[in-house]
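Input: a single structure, listed below in structure tokens.
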Amino acid sequence: MGRNAIVGQSGGPTAVINSSLVGVFQAAKSRGAQHVYGMRYGVKGLLEEQVVDLSDTLRDNLDIEILKRTPASYLGSCRYKLPVPAEDPALYEKLFGILKKLDVGYFFYIGGNDSMDTISKLSDYACMTGSDIKFMGVPKTIDNDLMNTDHTPGYGSAAKYIGAIMKEITRDSLVYGTRNVTIVEVMGRNAGWLTGAAALAKAEDCEGVDMICLPEVAFDIEHFIERLDVLQRAKAGVVIAVSEGVRVHDGRYVCELTEELGPVDAFGHKTLTGAARFLANKAVRELGCKARAIELSTLQRCSSHMASRVDITEAFQVGGAAAKAAFEGHSGEMVGLRRLSNDPYQCTTELHDIHTIANFEKKVPGEWITPDGVGVTQEFLAYMRPLIQAELTPIYVDGLPRHIYIK
């Protein structure tokens, strides 16, 4: 059995993904790992033998505390799809050869659905070949669409950011007292968890957004324009949250109705952008109103200056739980979060077979979407609110948050 551990980060980053990295690193070291290596740029970088010894880059407790507050992927990331072993056995032989050279006995991958596909294939290959390396998945995604976990680390902080930014956009939309429409595009390919967070903006100090359009509901453009016409005639500022992944009835993404669709990644995912811009332009043409589109883009996944303390804490916990499980002999599993109660909020970790998670998606339950299809229910709000609570104050240097990176 190898004496060392290795950890990688994969897919889109979050504001708290590095807290999971810290959790794996500290727990593995405390359980006797001689070295904890980091893959530069995920499994793709590992195949090129791009690794660092985390003890060389994280030198003291201050580095650890700054890393918890640093957004994006400290080790770098990738979107690399492993083939099935039968298609390219040489690749797996090479990868496992590198792990043997590094004397690795424990392999951790922090990521979302596609990353769990990687863990599934690697753990299956280990079983087929008699390798004793333990492979564990650590959940991460702002999309919140992983199965067998109440929620995913990264979602709470992104939801907190979206709720806050929607309050600010709402205030701004009313500055001049003139009629205007603001359509905000939120990440979420096939699941509307993140767009639904726009509902958090509504409170005693904010009117909230006027429509929330999720990919779980077929999008009718003409009906949208009709509803918008009624809204913009009745109030000065209309604010709408729309998922990047909303689709019309024939299955096409709204953004595919433009000419701005980007490339396709290794997992066959189209780069989605332009839904809000398309709808804002249509509103201008058909209603003659003033309309603007805002794409939150990467801001919603990297705003660590207002990350949720609950989210940071849970991200750390799932990393530690994965290391604990691996050193106790578990493999081919992912750490999930199980909610025990909302008030007071309590959550614990549990293990799930990776094959029940990889290549599946968890969508917003239909009963959590309002009957008119453009809002979310109180049950959805009750689900989200505990996840956005409290803050971890950034470490400020010269007036700005301090971050850490590998030089």
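Every value quoted in this text rests on a predicted model; they were computed, and no experiment measured them.
Residues E222 and K282 form a side-chain contact, since some pair of their non-hydrogen atoms from C-beta on lies under 4.5 Å apart. T141 is not listed as a side-chain neighbour of T14, based on a closest heavy-atom distance of 4.5 Å or more. Considering only heavy atoms from C-beta on, L46 comes within 4.5 Å of V51 through its side chain. Residues Y396 and P401 meet the side-chain proximity criterion, which asks for heavy atoms closer than 4.5 Å. Side chains of I240 and F224 form a contact here, defined as non-hydrogen atoms less than 4.5 Å apart.
Side-chain polar atoms of T70 and N18 form no donor-acceptor pair below 3.5 angstrom. At a cut-off of 3.5 Å, with distance as the only test, a side-chain donor of T377 or E379 sits close to an acceptor on the other residue. The closest side-chain donor-acceptor pair between Y74 and T57 falls under 3.5 angstrom.
Between Y155 and W193, the ring planes lie perpendicular to each other; the angle is over 60°, past the 30° to 60° tilted range. Below 30°, between 30° and 60°, or above 60°: for F107 and Y109 the angle between ring planes is between 30° and 60°, a tilted geometry. Ring pair H305/Y161 is perpendicular by interplanar angle, where above 60° counts as perpendicular and below 30° as parallel. The aromatic rings of H151 and Y383 sit perpendicular to each other, their planes meeting at more than 60°, with 30° as the lower class boundary.
In this structure, R338 pairs ionically with E350, as a charged nitrogen and a carboxylate oxygen lie closer than 4.0 Å. Ion pairing of K167 with D205 is present here, as a side-chain N (NZ or NE/NH1/NH2) and a carboxylate O approach within less than 4.0 Å. Salt-bridge annotation for K44 and E48: absent, with no side-chain N of the basic residue lying under 4.0 Å from a carboxylate O of the acidic one. R277 has no carboxylate O lying under 4.0 Å from a charged side-chain N of E185, or vice versa, which leaves the two without a salt bridge. Between R171 and E207 there is a salt bridge, with a side-chain nitrogen of the basic residue lying less than 4.0 Å from a carboxylate oxygen of the acidic one.
Shown here is D398, whose CG atom has no more than 12 heavy atoms of other residues, nucleotides or ligands within 6.0 Å.
In this view, Y41 satisfies the ring-ring contact (aromatic ring centres under 6.0 Å, His included) rule with no residue, not counting sequence neighbours.
To the nearest 0.5 Å, the span separating NZ on K68 from CG on D63 amounts to 12.5 Å.
The backbone N or O of A15 lies less than 3.5 Å from no partner atom in the side chain of S304, so there is not a single donor-acceptor pair.
For the salt bridge (Lys or Arg N to Asp or Glu O under 4.0 Å) condition, the pairs that include at least one residue of residues 143-162, sequence neighbours left out, are D150-R339, K160-E391.
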